[in-house]
Amino acid sequence: DVKVTQSSRYLVKRTGEKVFLECVQDMDHENMFWYRQDPGLGLRLIYFSYDVKMKEKGDIPEGYSVSREKKERFSLILESASTNQTSMYLCASSSHGTGGEKLFFGSGTQLSVL
Amino acid sequence: SQQGEEDPQALSIQEGENATMNCSYKTSINNLQWYRQNSGRGLVHLILIRSNEREKHSGRLRVTLDTSKKSSSLLITASRAADTASYFCATDIGGYQKVTFGTGTKLQVIP
């Protein structure tokens, strides 16, 4: 079975902490994505990566950074967590192509910032 | 702002009825996909329709695309309690890997 694994299902952090969310895929996919999901707002794209060490901003990159040192791993970093970053974070991956490639999702990390 | 918006936000129907949800998007696209999310979990791909297609079927799913109106609809026929989930449309501007999602429709199918 193909898999996208997110390191934590639930995470509780304090305001101002540096937070790392890890995502690993075993499908040799070129593309990886980080979304956050909030009630009534759907999924919003934070960052995506189309190759190792490459990254592109999504629609809401402020307050976040990412790292992709290896093809299978894509990390989301909250440099200084704030309460408005409390959310469900979803990682996804897809193969590289001409468009319309299926995204495979992890189960999500519910982050609470207190 | 969101590329896609689903309508209605929530839908409640009886088992056996058909469910229709709509997605409107803002900019021209090359592809549109529909995904399903069971409560609190990751999303699962349902169906893809390309901009040069008008209609696609997969089992009990029927998707239409109207590029002139920048809209798509997902029809689930003969709904089952197991179809209870949230449904999202997702678009990309082909060749460029950015995929953006809509706000979702929460479907409840009552047994």
Side-chain angles (χ1 to χ4, degrees), chain A residues 1-6 9-10 23-25 27 29-51 54-61 68 74 87-111, chain B residues 1-10 21-53 56 58 63 65 72 85-106:
Chain A
D1 250 3
V2 295
K3 255 190 177 171
V4 177
T5 303
Q6 294 184 229
R9 184 77 179 101
Y10 299 96
C23 176
V24 176
Q25 51 97 1
M27 294 167 280
H29 282 165
E30 290 81 8
N31 303 323
M32 295 188 76
F33 306 80
W34 276 107
Y35 296 89
R36 64 175 283 176
Q37 182 175 18
D38 301 285
L41 297 179
L43 277 72
R44 292 180 291 166
L45 181 63
I46 305 171
Y47 268 97
F48 66 103
S49 168
Y50 53 88
D51 203 349
M54 305 304 289
K55 60 185 179 185
E56 292 283 343
K57 292 180 181 179
D59 297 318
I60 51 163
R68 190 151 181 219
F74 192 35
S87 186
M88 170 69 87
Y89 289 86
L90 291 163
C91 174
S93 71
S94 71
S95 59
H96 195 77
T98 55
E101 284 72 31
K102 188 187 303 188
L103 267 65
F104 292 85
F105 279 84
S107 295
T109 295
Q110 180 62 53
L111 173 67
Chain B
S1 60
Q2 295 293 109
Q3 159 72 323
E5 285 191 14
E6 276 88 339
D7 169 60
Q9 288 190 348
M21 49 208 92
N22 305 293
C23 166
S24 58
Y25 54 90
K26 297 174 184 173
T27 61
S28 294
I29 60 168
N30 277 21
N31 305 284
L32 187 142
Q33 302 178 57
W34 284 90
Y35 286 79
R36 164 196 168 122
Q37 182 183 36
N38 284 70
S39 181
R41 309 303 292 182
L43 282 71
V44 175
H45 179 266
L46 292 176
I47 193 166
L48 159 73
I49 188 165
R50 299 196 186 274
S51 60
N52 61 354
E53 297 175 311
K56 249 182 131 174
S58 176
V63 171
L65 180 64
S72 173
S86 292
Y87 293 82
F88 294 86
C89 65
T91 57
D92 70 78
I93 313 170
Y96 185 57
Q97 307 300 321
K98 179 179 179 181
V99 178
T100 54
F101 283 78
T103 51
T105 292
K106 192 167 185 176

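Here is the naming used below: chain letters follow the sequence lines, and residue numbers restart at 1 for every chain. None of the values given here were measured: they were computed from a predicted structure.
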What closest approach, in Å, do A:L90 and B:R41 show between heavy atoms, and which atom pair accounts for it?
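Looking at all heavy atoms of both residues, the shortest contact is CD2-O, 4.4 Å.
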
What part of [X] gets within 4.5 angstrom of chain B, counting heavy atoms only: side chain, backbone, both, or neither?
{"X": "A:Y35", "value": "side chain"}
{"X": "A:L103", "value": "both"}
{"X": "A:Q37", "value": "side chain"}

Given a strict heavy-atom distance threshold of 4.5 Å, which part of B:Q37 is in contact with chain A: side chain, backbone, both, or neither?
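Looking at B:Q37, just its side chain touches chain A.
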
Is B:L43 close to chain A through its backbone or its side chain, or both, or neither, when contacts mean heavy atoms under 4.5 Å?
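Both backbone and side chain.
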
Under a 4.5 Å cutoff for heavy-atom pairs, which residue among B:K106, B:Q9, B:R50 has the most contacts with chain A?
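Result: the option with the highest number of such pairs is B:R50.
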
Interatomic distance, A:E101 atom CD to B:Q33 atom CD [nearest 0.5 angstrom]:
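Reported to 0.5 Å precision, the distance equals 8.0 Å.
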
Drop me the distance from A:N31's CG to B:D92's CG, to the nearest 0.5 angstrom.
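The CG atom of A:N31 sits 10.0 Å away from the CG atom of B:D92.
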
Stepwise side-chain contact (heavy atoms from CB on, under 4.5 Å) check, A:K102 with B:L48
CA-CA 8 Å; A:K102 188 187 303 188; B:L48 159 73; over 6 Å; no

Do [X] and [Y] make a side-chain contact, defined as non-hydrogen atoms from C-beta onward lying under 4.5 Å apart?
{"X": "B:T103", "Y": "A:L43", "answer": "no"}
{"X": "A:F105", "Y": "B:V44", "answer": "no"}
{"X": "B:T100", "Y": "A:D59", "answer": "yes"}

